[in-house]
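Reading through the structure tokens given below for one structure.
All ligand and atom numbering here is 1-based and tracks the order in the structure.
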Amino acid sequence: MASVRIVYDDQAGVFESRAGLPEEVAARVAAAVRRHGELGADDLLVEVGAGTGVIGQWLARPPGRYLGFDSSRAMLEVFRPRLRPGAVATLLYADADRSWPVRTGSASVIFGSRVLHLLHPEHAVREIRRVAHPRGAVLLCGRVEHSPDSPRARARAKLRDLLAAHGLQPGPTGGRPQRLLALAQAKRAAPLPSQVAAAWPETVTVTQVINWWRGKTSIGGVNPAPAVAEKVLVALTAWAVDTYGDPAPAVTTETRYLLEGVRLPPAAPATGAERMDPRPAEE
Ligand SMILES: C[S@@+](CC[C@H](N)C(=O)[O-])C[C@H]1O[C@@H](n2cnc3c(N)ncnc32)[C@H](O)[C@@H]1O
């Protein structure tokens, strides 16, 4: 579990140049998520940490209803205009580490892309089980995997070493929500085979990668003081010149979008006391 809260508000404007997915990749990922859910017109798909709607804009289309929530208003402001007129979609500002703004027993698919590893896993599993439809539901976790020899992966590894040298223990970034998946399985959820939903070539220079981190509150999974961030980025730039030369060449490597998850079983018949859910229906 991350003890550092990663700040996304100051990333909304550049999120897509830094971490966006090509349109056709996002559409393919959304199609794979939908296939798992076999959504009918009345079924609800919940997206946790929907962000700027890179994938959500494709999920918020018929058939089915879509509810996306995120703890960054700035990210949601980028998403909102992307919703198609007539989409049965709701976007809400809410923190997934608190009560989810989703009606109990309403969700057929619960999806989180590049976010579930950041959440408190015990709480997330409780909420996932609460909102899951009594017929059963699918939990899907998506993440992007860069080739280890890509400028992104190499610069990130170096960044984390430099942060650690300043006593900053980087938290997980872009990772697999291992504990959450294990907890879900301990509660009778059945693992789904992991799937490469899309693979594509990506071309970047190490200079681009380093520039994306400039001026951000959160880098490499921590929130360093501005003076420390500056020192780390100067050292990282020197490393980049040594490693890649100046100007740094564009490097093309394969990037993959992975989907994994679990199928939550249908609910056991409730006892009288359990049937009385005091939680208000917020969705
Ligand atoms: C790396 S971005 C991914 C955005 C989107 N899911 C995608 O893949 O393009 C992580 C998103 O999760 C959101 N987030 C992080 N912690 C959250 C929390 N506790 N509750 C709700 N959203 C959260 C951030 O605000 C951000 O929009």
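- Close contacts between ligand 1 and Ala94 involve ligand atoms 20 (N), 21 (C) [criterion: under 4.0 Å to a heavy atom].
- Any N or O atom pair closer than 3.5 Å counts here, and Arg114 shares at least one such pair with ligand 1.
- From the protein, the heavy atom lying nearest to atom 19 (N) of ligand 1 is Asp95 OD1, 2.9 Å.
- With hydrogens and angles ignored, the 3.5 Å screen pairs a side-chain donor or acceptor of Arg61 with a backbone N or O of Gln57.
- For ligand 1, the polar-atom distance check against Ile55 finds no nitrogen or oxygen pair separated by under 3.5 Å.
- With respect to atom 3 (C) of ligand 1, the closest heavy atom belonging to the protein is Ser113 O, 3.6 Å.
- Contacts between Arg5 and ligand 1, counted as non-hydrogen atom pairs separated by less than 4.0 Å, involve the side chain only.
- The protein heavy-atom contact nearest to atom 4 (C) of ligand 1 is Gly49 O, 3.6 Å.
- Among protein heavy atoms, the minimum distance from atom 24 (C) of ligand 1 is reached at Tyr8 CD1, 3.2 Å.
- Every atom of ligand 1 is numbered from 1 in the order shown, and the set under 4.0 Å from a heavy atom of Gly51 is 4 (C), 27 (O).
- Looking only at protein heavy atoms, the nearest one to atom 12 (O) of ligand 1 is Val115 CG2, 3.2 Å.
- Side-chain contact annotation: Asp149 with Ser147, donor-acceptor N/O pair under 3.5 Å present.
- Looking only at protein heavy atoms, the nearest one to atom 21 (C) of ligand 1 is Ser71 N, 3.3 Å.
- Nearest heavy-atom pair, Val46 versus Ala107, reported as atom, atom and distance to 0.1 Å: CG2-CB, 3.8 Å.
- Scanning the protein for heavy atoms near atom 20 (N) of ligand 1, the closest one is Ala96 N, 2.8 Å.
- Residues Leu59 and Phe111 have side chains in contact (heavy-atom distance under 4.5 Å, counting atoms from C-beta outward).
- Taking a cutoff of 4.0 Å between a charged side-chain nitrogen and a carboxylate oxygen, Arg5 and Asp95 qualify as a salt bridge.
- Near Val54, the atoms of ligand 1 lying under 4.0 angstrom from a non-hydrogen atom of the residue are 9 (O).
- Contact between Gly56 and ligand 1 is absent, with no heavy atom of the residue lying under 4.0 Å from the ligand.
- A donor-acceptor pair shorter than 3.5 Å can be found between the side chains of His36 and Gln195.
- The backbone of Ala50, and not its side chain, has at least one atom closer than 4.0 Å to an atom of ligand 1 (non-hydrogen atoms only; backbone = N, CA, C, O).
- Side-chain atoms of Arg179 do not come within 3.5 Å of backbone N or O of His120 as any donor-acceptor pair.
- Put simply, the side chain of Ser150 never gets that close to the backbone of His146: no donor and acceptor are under 3.5 Å apart.
- For atom 27 (O) of ligand 1, the nearest protein heavy atom (residue, atom name, distance) is Asp70 OD2, 2.7 Å.
- Between the side chains of Tyr8 and Ser71, no donor-acceptor pair of N or O atoms lies under 3.5 Å.
- Residue Ser72 approaches ligand 1 through these ligand atoms, each under 4.0 Å from one of its heavy atoms: 25 (O).
- For Arg129, the CZ atom sits in a loose shell: 12 or fewer heavy atoms of surrounding residues, nucleotides or ligands are nearer than 6.0 Å.
- Ligand 1 has no nitrogen or oxygen under 3.5 angstrom from a nitrogen or oxygen of Leu119.
- Partner of Asp43 under the side-chain hydrogen bond (donor to acceptor under 3.5 Å, both in side chains) criterion, chosen from Arg34, Arg135, Arg65, His133: Arg135.
- Under 3.5 Å, the side chains of Thr237 and Arg214 contain a donor-acceptor pair of N or O atoms.
- The proximity of Ile6 to ligand 1, defined as any non-hydrogen pair under 4.0 Å, does not occur for either the backbone or the side chain.
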